[in-house]
Protein chains: 2
Amino acid sequence: MPGTKLDDIDRMILAELQADGRMTNVELAKRVGISAPPCLRRVRTLEEQGFIQGYHADVDARELGFEVQVFAMVGLVSQAEADLSAFENRCLSWPLVRECHMLNGEVDFILKCVAPDLRSFQRFLTEQLTSAENVASVKTSLVIRGAKDEPGVPFDVLEERLAMEA
Amino acid sequence: MPGTKLDDIDRMILAELQADGRMTNVELAKRVGISAPPCLRRVRTLEEQGFIQGYHADVDARELGFEVQVFAMVGLVSQAEADLSAFENRCLSWPLVRECHMLNGEVDFILKCVAPDLRSFQRFLTEQLTSAENVASVKTSLVIRGAKDEPGVPFDVLEERLAMEA
DNA sequence: CCTAAATGCGAAATAATATTGCGCGATCGT
DNA sequence: ACGATCGCGCAATATTATTTCGCATTTAGG
């Protein structure tokens with residue numbers, strides 16, 4: 001069931017909603033070239049099947065007073081599965097940690113964090129992160145400026161790829 | 001003008017739309033405790049003022065065939081402003097690069113990349129990224145698994161913060 | 001090759017939602 | 001205290017979402 005293949009229209013829908021998640025269904029239908037009812041059915045199906053996992057407004061963190069963004073590379077003492085997931089759970093409970101990814105290589109995790117200012121972050125860093133159980137090392141890097149931030153799927157690449165197969 | 005302060009209702013709106021960007025305006029109005037028309041006006045204002053920068057569907061990259069996610073740390077030869085922005089522009093043109101942040105410290109940039117498979121990524125890495133002008137070093141780390149991915153603002157932290165001031 | 005089930009579309013009707021146009025009370029500055 | 005300003009909510013209208021249903025196309029047998 002959760003492996004049903006998508007057709008061109010489905011991919012167009014995903015691309016459009018990734019670009020503008022609040023587009024009305026009639027506008028969406030117009031763009032992908034079908035009428036509103038089947039378009040809405042497709043969207044619902046894509047949601048149910050997990051191709052669409054949710055919709056979010058992009059809120060400007062800086063405007064809201066979160067001036068600081070930091071990447072933290074974390075090394076653990078033990079990489080036993082129980083210890084890995086223990087650390088992941090701790091990350092889930094830290095609101096300043098927005099992303100947590102397990103990596104291969106020297107570093108075990110990379111975290112993307114936000115904070116109102118450097119002081120707040122330093123306090124989080126020393127009182128929470130570095131002093132957390134099983135944490136061996138933490139290296140942090142301040143984000144000086146963001147040049148690109150487009151989470152999601154590069155649909156143009158996907159299309160090229162499918163064109164190849166045909 | 002773009003510094004107008006937000007009140008509690010505005011922040012609630014932002015929090016709700018960050019959590020569910022497709023919520024209807026009437027539902028939103030109900031949740032924040034005002035009627036629909038003023039609620040819609042507030043949303044529009046928040047959009048115009050840039051507090052809301054857009055809306056996006058969360059599309060599952062894996063389901064669409066992008067199995068690989070990689071962080072790349074890039075060091076440049078020259079950090080002159082012209083060279084920095086030249087590199088940023090190149091990142092903008094690479095669809096596999098979804099995020100590009102300039103950092104302090106030893107590394108100049110961190111990139112978040114996606115690719116259909118390792119082979120595709122290796123090719124991008126060798127043919128594009130490492131061979132790009134002014135690039136001195138690239139270290140990559142494969143994402144083994146994701147533990148947390150909640151882009152946006154931690155509104156719970158923001159509330160605590162505002163409660164302090166009062 | 002033909003038929004029956006299944007699939008997906010679109011027109012039309014109905015239910016919700018978005019959006020506009022006011023009038024009203026609260027707040028603010030003088 | 002008073003006029004101006006601001007933001008709310010009611011009511012009316014315009015759009016959109018959602019359901020229902022019949023039709024065409026495809027699919028799997030026979």
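Residue numbers begin at 1 in each chain, while the letters A, B, ... track the order of the sequences.
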F87(A) side chain near D108(A) side chain, heavy-atom distance below 4.5 Å: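 They are not in contact (no side-chain heavy atoms under 4.5 Å apart), so the answer is no.
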Plane angle bin for F124(B) and W94(B) - parallel if under 30°, tilted between 30 and 60°, otherwise perpendicular: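 If you compare the ring of W94(B) with that of F124(B), the planes turn out perpendicular.
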Trace of the side-chain contact (heavy atoms from CB on, under 4.5 Å) decision for V153(A) with V114(B): CA-CA 8 Å; V153(A) 176; V114(B) 299; over 6 Å; no
Nearest atoms (heavy-atom pairs only) where A36(B) meets V26(B):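 The answer is CB-CG1, 4.3 Å.
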Within residues 26-45 of chain A, residues whose heavy atoms come under 4.0 Å of DNA chain C: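 The answer is I34(A), S35(A), P37(A), P38(A), R41(A), R42(A).
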Roughly how many Å is it from [atom1] in [X] to [atom2] in [N], rounded to a whole number?
X: M23(A); N: dT15(D); atom1: CE; atom2: C1'; value: 16 Å
X: R22(A); N: dA17(D); atom1: CZ; atom2: P; value: 11 Å
X: D7(B); N: dC6(D); atom1: CG; atom2: P; value: 15 Å

Ion pair R31(B)/E27(B), N-O distance below 4.0 Å: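 The answer is yes: the pair qualifies as a salt bridge.
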E106(A) and K139(A) ion-paired at < 4.0 Å: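 Salt bridge flag = no for K139(A) with E106(A).
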Covered region of DNA chain C, 5' end to 3' end, by chain B [heavy atoms, under 4.0 Å]: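 Contact boundaries, 5' end first: dT17(C) to dT20(C).
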Output a table of donor-acceptor pairs, distance under 3.5 Å, between side-chain atoms of residues 71-78 of chain B and any protein atom two or more places apart or on a different chain; print 'none' if there are none.
{"residue": "S78(B)", "atom": "OG", "partner": "A80(B)", "partner atom": "N", "Å": "3.2"}
{"residue": "S78(B)", "atom": "OG", "partner": "D83(B)", "partner atom": "OD2", "Å": "2.4"}

CG on L96(B) to SG on C113(B), rounded to 0.5 Å: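 Rounded to the nearest 0.5 Å, the SG-CG separation comes out at 7.0 Å.
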